[in-house]
Amino acid sequence: MSINSQLKIAIDGPAGSGKSTVAREVARRLNVVYLDTGAMYRAIALKLLRESCDLSEPGRVEAQLEQTTVQILADERILLDGEDVTDEIRSAAVNAVVSRVAELPAVRRKMVRQQQEIAAVSEGIVMEGRDIASTVMPDAPFKFYLDAALPVRARRRYLEQRDKGLPLSYEKTVHQINERDRIDSGRADSPLRITPGTAVIDTTTLTIEEVVEQILQGINLQAD
Ligand code: CDP
């Protein structure tokens, strides 16, 4: 067994906790696959938005899901039914509905199955999301939960959006993040939570590099 086959790293946490940047960098340093599972939920949300699908009708949602494919390429581009939607999944419209879509059991079943298939064929993987340690890779030897104070998370997201030219006021960003946290933590099916055996890192006052270092150190210590 190669050393990389044990390198299953789960990183969970709320919006703006720094998960994506940190997870991508940890994967790069370890030379393993990086998977942003949030991007997959965003792609499904985009599809259901485009089809004006009524989310309160499970039958309609399932019919749409049967005809939908989501692919994540090695360069992180994301394809929805073959179309590159990498930028569109970050739109305000998707931000507004993604947590409502992600709480639907049929959506979670499809996404979790696909994520587990990707983990099974990857020699090593850093997977980030909300339910990775609890549901997608409960057997991962390395599990981390990133968190930060709400105003700090909102500020990070606000600056990111501003740099992309997508203006949303700081106050609205706080509201939206808070609302998504509430739905993500409160849903019945695999909510965002800290599972036993997970190392919690509060990133409020830490730089990306400091968080990456803590994770790499955590992996070394646990692997010894
Ligand atoms: O990057 P950001 O924190 O804004 O969120 P994301 O990782 O792109 O995820 C978008 C949304 O997808 C989350 O707010 C959750 O509702 C959902 N999600 C989920 O339910 N389970 C996951 N494993 C990943 C994302």
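In each ligand, atom 1 is the first atom listed, and ligand 1 is the first ligand listed. Just so you know, these numbers use all the heavy atoms, side chains as well, and skip hydrogens, waters and symmetry mates.
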Exercise. With sequence neighbours left out, which residue pairs that include part of residues 187-201 fulfil the salt bridge (Lys or Arg N to Asp or Glu O under 4.0 Å) condition?
Worked result: Asp184-Arg187

Note every protein N or O atom lying under 3.5 Å from an N or O atom of ligand 1, pairing the names and giving the distance.
from	atom 1	to	atom 2	distance (Å)
ligand 1	3 (O)	Arg130	NH2	3.2
ligand 1	4 (O)	Arg42	NH2	3.1
ligand 1	4 (O)	Arg157	NH1	2.5
ligand 1	4 (O)	Arg180	NH1	3.3
ligand 1	4 (O)	Arg180	NH2	2.8
ligand 1	5 (O)	Arg130	NH2	3.3
ligand 1	5 (O)	Arg180	NH1	3.2
ligand 1	7 (O)	Arg130	NH1	3.3
ligand 1	8 (O)	Arg42	NE	2.7
ligand 1	14 (O)	Ser99	OG	3.2
ligand 1	14 (O)	Arg130	NH2	3.3
ligand 1	14 (O)	Arg180	NH1	2.8
ligand 1	14 (O)	Asp184	OD2	2.7
ligand 1	16 (O)	Ser99	OG	3.0
ligand 1	16 (O)	Asp184	OD1	2.6
ligand 1	16 (O)	Asp184	OD2	3.4
ligand 1	20 (O)	Arg108	NH1	2.8
ligand 1	20 (O)	Arg108	NH2	3.3
ligand 1	20 (O)	Arg187	NH1	2.8
ligand 1	20 (O)	Arg187	NH2	3.2
ligand 1	21 (N)	Arg108	NH2	3.0
ligand 1	23 (N)	Thr37	OG1	3.0
ligand 1	23 (N)	Arg130	N	3.1
ligand 1	23 (N)	Asp131	OD1	2.8

Exercise. If we only count heavy atoms from C-beta on, is the Ile72 to Met40 side-chain gap below 4.5 Å?
Worked result: yes

Under 3.5 Å, which donor-acceptor pairs do the side chains of residues 57-71 form with other protein atoms, sequence neighbours left out?
from	atom 1	to	atom 2	distance (Å)
Thr68	OG1	Lys47	NZ	3.1
Thr68	OG1	Gln64	O	2.6

Exercise. Between Thr173 and Gln161, is any side-chain donor less than 3.5 angstrom from a side-chain acceptor?
Worked result: no

For this session: Could you give me the CA-CA distance, side-chain angles and deciding distance for Arg90 and Glu160, then say whether salt bridge (Lys or Arg N to Asp or Glu O under 4.0 Å) is met?
Result: CA-CA 11 Å; Arg90 308 282 162 195; Glu160 254 171 50; over 6 Å; no

Exercise. Can you name the salt bridge (charged side-chain N to carboxylate O under 4.0 Å, His left out) partners of Arg28, sequence neighbours left out?
Worked result: Glu25

